[in-house]
A.B. asks: 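Take this structure first; my questions come after.
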Amino acid sequence: MSHENQVELKQNTLITFPALFGLYRDNFLPKDVRIVGYARTKMDSVEFHKRATQYIKGSDNEETAAKIEEFKKISTYVSGSYEDAESFQTLEKHLREIESAYKGSERHRIFYLALPPSVFIPVAANVKQNNYSTDGVNRIIVEKPFGKDLPSSRELLSALKQHWSEDETFRIDHYLGKEMVKNILVLRFANVALSAPWDKNSVSNVQITFKEPFGTEGRGGYFDEFGIIRDILQNHLLQVLSIIAMERPVSFAAEDIRDEKVKVLRAIPPIEPSDTLLGQYVAANGKPGYLDDDTVPHNSTCPTFAATTLWINNPRWEGVPFVLKAGKALNEAKVEVRIQFKDVTQGIFKDISRNELVIRIQPSEAIYLKLNTKTPGLYTRALPAEMDLTYKRRFAEVKIPEAYEALILDAIQGDHSNFVRDDELDVAWKIFTPILHWIEGRSGPRPIPLKYPYGSRGPKELGAFIDKYGFKRSTEGYMWPVTNVS
Ligand code: BG6
């Protein structure tokens with residue numbers, strides 16, 4: 001199986017179908033909804049249902065198992081090519097048969113294209129020509145990669161626009177469906193205590209960090225074409241940055257939010273090589289290095305780790321470094337935003353820790369504010385401690401939805417707020433394209449990434465890199481104590 005097909009299969013069986021099931025189980029799908037899978041693989045419905053439901057969690061629970069059986073009844077499958085119209089006509093016949101069982105004249109269709117980039121445009125065109133409902137709303141959901149740089153993204157965008165309007169298009173960045181990312185807007189704009197110090201006068205630096213404890217095992221061939229910057233920074237982390245940095249939107253309407261995101265992104269100049277640190281993992285602790293993967297070219301200089309600093313040229317953020325860091329094969333799984341405030345005026349205190357607001361996106365969603373407090377007891381020394389909102393403790397009864405559940409529901413409801421608009425994508429590529437071309441050796445010799453051992457914190461040079469942007473570690477060996485609430 002090709003790498004592209006592996007990615008496609010993983011996306012559908014591991015993510016899309018479990019998310020659809022989650023919505024179905026919790027009664028969020030419209031009553032008459034039907035789900036139709038379409039791909040090249042020929043298989044009967046037993047095999048399709050097996051694949052579609054194999055990664056649904058909790059299937060050993062009786063109630064969930066019964067729901068899965070119901071879910072199978074609303075899901076069918078058609079196999080066909082991605083290129084020829086005839087196959088899409090067969091799909092159309094199948095859709096009409098299903099729809100004919102329902103009274104009423106509206107036939108809304110959402111097409112979810114979790115597909116390899118090579119077949120993306122022919123499928124979008126074929127679906128439009130053969131499967132577009134004339135009696136209802138049509139929407140298309142698309143997944144990254146949206147090109148590889150500014151020119152290729154523009155090409156893809158305009159090819160898609162020939163068939164689908166912006167209003168019909170829902171570009172997924174699944175980080176926008178994560179609960180804590182969605183919370184940033186509320187946290188920022190519903191709290192005077194947080195809005196007031198949210199600027200260059202109070203904030204020293206912002207770090208947005210993505211750490212994964214596993215390498216590119218099994219998808220090295222795919223990854224090597226893209227690298228960590230396209231995989232994580234240019235989309236997921238930049239999206240988080242835009243919500244952290246944007247101005248208050250006029251309303252929560254999708255276009256008001258997206259207007260502000262685009263505005264702040266447009267104030268960010270392209271990243272400089274001098275603001276970049278690249279790494280690639282090597283074998284350690286019995287784990288293979290990136291280059292040990294047979295599907296990766298033996299001399300690949302593709303970064304599996306990157307730290308880049310972005311600057312925002314607007315009055316709120318001028319001079320505040322936003323450091324984006326992401327890496328594969330690191331020491332832990334963690335995604336967080338860390339807003340580090342400036343030093344308190346010196347004089348009565350010496351060497352006290354800085355305030356930090358940490359938004360823990362995953363795992364174990366939390367928001368905590370590091371504060372200095374008097375050491376309890378007969379001392380007057382300041383001690384760093386925290387005000388801690390750990391979700392599993394504070395909202396113990398609440399089930400946090402998966403990102404894809406939230407986004408599919410938004411698409412069903414026609415809400416674009418958490419999807420990437422065309423101009424947003426364009427400006428994201430403008431920021432990253434020069435550095436990507438530099439990494440690919442288009443403007444000189446390719447930079448050689450620093451080595452770091454599998455399972456480590458990244459290249460050892462990272463500490464000095466972050467210090468360069470004014471980051472200061474807490475005193476007294478501070479550690480956030482609530483990392484593992486289960
Ligand atoms: C995907 C990347 O977009 O996000 C993967 O292609 C990465 O490489 C994944 O593993 C991370 O998503 P999450 O939701 O597990 O943080």
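First listed ligand is number 1; within each ligand, the first listed atom is number 1.
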A.B. asks: Using a strict 4.0 Å cut-off to heavy atoms of K144, name the atoms of ligand 1 that fall inside it.
C.D. replies: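 Per the distance check, 1 (C), 2 (C), 3 (O), 6 (O).
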A.B. asks: State if Y175 counts as touching ligand 1 under the rule of any non-hydrogen atom under 4.0 Å.
C.D. replies: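 Contact check Y175 vs ligand 1: positive.
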A.B. asks: What atoms in ligand 1 come closer than 4.0 Å to a heavy atom of K178?
C.D. replies: 13 (P), 14 (O), 16 (O)
A.B. asks: Going by the order shown, which atoms of ligand 1 are within less than 4.0 Å of some heavy atom of K328?
C.D. replies: 5 (C), 7 (C), 8 (O), 10 (O)
A.B. asks: Distance under 4.0 Å to a non-hydrogen atom of Q362: what atoms of ligand 1 satisfy this?
C.D. replies: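 In order of number, 13 (P), 16 (O).
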A.B. asks: Could you tell me whether a side-chain N or O of Y454 sits under 3.5 Å from a main-chain N or O of G215, the two making a donor and an acceptor?
C.D. replies: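 Here the side-chain-to-backbone pair exists.
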A.B. asks: Can you pull the ring pair (Phe, Tyr, Trp, His ring centres under 6.0 Å) pairs that have at least one residue in residues 402-424, sequence neighbours excluded?
C.D. replies: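 Output for this query lists F170-H416, F170-F419, H174-Y404.
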A.B. asks: For residues 457-469, run the donor-acceptor check on the side chains, cut-off 3.5 Å, and write out each pair with its distance to 0.1 Å, sequence neighbours left out.
C.D. replies:
unit_1 : atom_1 : unit_2 : atom_2 : d
D467   : OD1    : R473   : NH1    : 3.0
K468   : NZ     : S274   : O      : 3.2
Y469   : OH     : D275   : OD1    : 2.6

A.B. asks: Using a 4.5 Å cut-off on heavy atoms from C-beta on, say whether the side chain of N285 contacts that of P453.
C.D. replies: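 The answer is no, as the side chains (C-beta and beyond) never meet within the 4.5 Å cut-off.
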A.B. asks: Could you tell me which atoms of ligand 1, counted from 1 in the order shown, lie closer than 4.0 angstrom to a heavy atom of R219?
C.D. replies: 5 (C), 6 (O), 8 (O)
A.B. asks: May I ask you to decide if the ring planes of Y281 and Y290 are parallel, tilted or perpendicular, using 30° and 60° as cut-offs?
C.D. replies: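 Perpendicular: the ring planes of Y281 and Y290 meet at over 60°.
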A.B. asks: Give a yes or no answer on whether the side chain of N131 reaches the backbone of F88 with a donor-acceptor pair at less than 3.5 Å.
C.D. replies: yes
A.B. asks: Is there a heavy atom of D231 sitting under 4.0 angstrom from any atom of ligand 1?
C.D. replies: yes
